[in-house]
There are 2 protein chains.
Amino acid sequence: MDLDQFSPVPRCDCPHTHPSLIADAHQDMPAEEMLYDLAELYKVFGDSTRIKILYALFEAEMCVCDIAALLNMTQSAISHQLRVLKQSKLVKFRREGKAIFYSLADDHVRTIIDMGMEHLCE
Amino acid sequence: MDLDQFSPVPRCDCPHTHPSLIADAHQDMPAEEMLYDLAELYKVFGDSTRIKILYALFEAEMCVCDIAALLNMTQSAISHQLRVLKQSKLVKFRREGKAIFYSLADDHVRTIIDMGMEHLCE
DNA sequence: ATAACGCATGAACAGTTGTTCATACGTTTA
DNA sequence: TAAACGTATGAACAACTGTTCATGCGTTAT
């Protein structure tokens, strides 16, 4: 990892500070880039429109205008959000004539959303 | 759910549109408020500083100045982020004298982060 | 009491995000 | 080829987010 990102020595005089503990956490911290990418992934789930799109695709593959009709939103807005979901490899698509059908990329998506729901319902 | 949030009938002339499919997705869609809360939860994971804090707490409970030292950030910034994590019930805390020790609220947190990492490493 | 320490909080700022609007692209049909 | 349709994209705007700075609160030690 990028060691410069983290200070190896605590800089406060807090008597409860345990330098070895900080060193351990420092050691086990994933690489800066990995942490950034992970946050970026969750950012994608952090919008209710995109969550709705994913829930819609739980049902079956859908074309853009289907999703727009279902969510009562403009085609443009849905297309923009599908682009984000596509970039994070959360959805895939196939063309059929003029229409483009979107579907979930894999089962991970559902698992992640279910985990969040579980946390909410505790 | 709040039925007014979704249009029950598709408004495009797309020949691939399946009204019954949209009706099904409409039926299975969780309540608007639930979807909003779920997005809010993921928004909390959608920041690398907060991700780092959670990873730090995987190791052990820590006081604010420990975390600030580990991440090489100001105490204020960490405190603000801990507030967000606290509000989402992702971390809990206990006071010991002047220091306040934060720790993970439950195992859900780790599971959710691990799921994200798995998706990234595919 | 009063000073010192650890932490929380409000205001303010720059940077980011989601939607709308207008328009362009790719495919199909006439 | 030209028109129609489904979708993608760029610009622009308001709304939101994370950090910093200054300051205040609660606890402990002198």
Side-chain angles (χ1 to χ4, degrees), chain A residues 5 10-18 22 35-36 39-54 61-88 91-103, chain B residues 5 10-18 22 35-36 39-54 61-88 91-103:
Chain A
Q5 286 291 333
R11 294 168 309 167
C12 67
D13 300 331
C14 172
H16 302 291
T17 296
H18 307 109
I22 293 184
L35 296 168
Y36 183 80
E40 286 302 304
L41 175 62
Y42 284 119
K43 231 175 253 184
V44 175
F45 288 95
D47 176 82
S48 60
T49 295
R50 289 191 290 265
I51 292 276
K52 287 177 192 172
I53 292 176
L54 293 176
E61 65 173 10
M62 285 191 185
C63 64
V64 180
C65 68
D66 279 347
I67 301 173
L70 170 64
L71 302 188
N72 196 26
M73 292 179 66
T74 66
Q75 171 269 322
S76 179
I78 300 299
S79 186
H80 276 297
Q81 299 296 12
L82 282 170
R83 185 171 189 266
V84 176
L85 293 168
K86 216 185 330 183
Q87 284 172 337
S88 298
V91 303
K92 57 185 198 288
F93 63 98
R94 67 180 182 86
R95 168 155 241 148
E96 187 176 311
K98 283 178 289 190
I100 297 184
F101 285 87
Y102 282 85
S103 57
Chain B
Q5 286 289 333
R11 294 168 307 168
C12 67
D13 300 332
C14 172
H16 302 290
T17 298
H18 308 109
I22 293 185
L35 296 168
Y36 183 80
E40 288 302 305
L41 175 63
Y42 284 118
K43 232 174 252 182
V44 176
F45 288 95
D47 177 82
S48 59
T49 295
R50 290 191 288 265
I51 293 276
K52 287 177 193 173
I53 292 176
L54 294 176
E61 67 174 8
M62 286 191 184
C63 64
V64 180
C65 69
D66 279 347
I67 301 173
L70 170 64
L71 303 188
N72 196 26
M73 293 179 64
T74 66
Q75 171 268 319
S76 178
I78 300 299
S79 185
H80 276 297
Q81 299 297 10
L82 282 169
R83 185 169 189 265
V84 175
L85 293 168
K86 215 183 334 182
Q87 284 172 337
S88 298
V91 302
K92 58 184 195 288
F93 63 98
R94 68 180 182 83
R95 182 175 271 272
E96 186 176 312
K98 282 179 287 190
I100 296 182
F101 285 87
Y102 282 85
S103 57

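First the proteins, then the strands, lettered A, B, ... as listed; each starts at 1.
- Put simply, B/Arg83 has a side-chain N or O that comes within less than 4.0 Å of OP1 or OP2 on C/dT9.
- Nearest nucleotide to the A/Gln81 side chain, out of C/dT19, C/dT20, D/dT9: C/dT19.
- The structure places SG of A/Cys65 at 11.0 Å from NZ of A/Lys98, a figure rounded to the nearest 0.5 Å.
- No donor-acceptor contact under 3.5 Å links the side chain of A/His80 to the base of C/dT17.
- Nearest to the side chain of A/Thr49, among C/dT19, D/dT9, C/dA8, sits C/dT19.
- The nucleotide whose nearest atom lies closest to any side-chain atom of A/Lys43 is, among C/dC7, C/dT20, C/dT17, C/dT17.
- Side-chain atoms of B/Lys98 lie closest to C/dC5 of the nucleotides C/dC5, D/dA8, C/dC7.
- Closest approach to the B/Ala99 side chain among D/dT19, D/dA11, C/dG6 is made by C/dG6 (side chain taken as heavy atoms from C-beta onward).
- D/dT19 atom P lies 13 Å from atom CD1 of B/Ile67, rounded to whole Å.
- Contact annotation: B/Tyr102 does not reach the phosphate of C/dG6 (side-chain N/O to OP1 or OP2, under 4.0 Å).
- Taking atom CZ of A/Phe101 as the reference point, atom P of D/dA8 lies 12 Å away to the nearest angstrom.
- With distances taken from any side-chain atom of B/Arg95 to the nucleotides D/dT27, C/dT9, C/dC7, the minimum falls on D/dT27.
- The side chain of A/Arg50 places an N or O atom within less than 4.0 Å of a non-bridging phosphate oxygen (OP1 or OP2) of C/dG18.
- Looking at B/Ser76, its side chain has no donor and acceptor atom pair within 3.5 Å of the base of C/dC7.
- Note: OH (A/Tyr42) to P (D/dG18) measures 16 Å, nearest angstrom.
- Side-chain proximity of A/Ser79 to D/dT9, C/dG18, C/dT9: nearest is D/dT9.
- In this structure, B/Arg94 places its CZ atom 15 Å from C1' of C/dG6, rounding to the nearest Å.
- By the 4.5 Å heavy-atom criterion applied to side chains, A/Gln81 and A/Val84 are counted as neighbours.
- A distance-only check finds a donor-acceptor pair linking the side chain of B/Arg95 to the backbone of B/Gly97 [under 3.5 Å].
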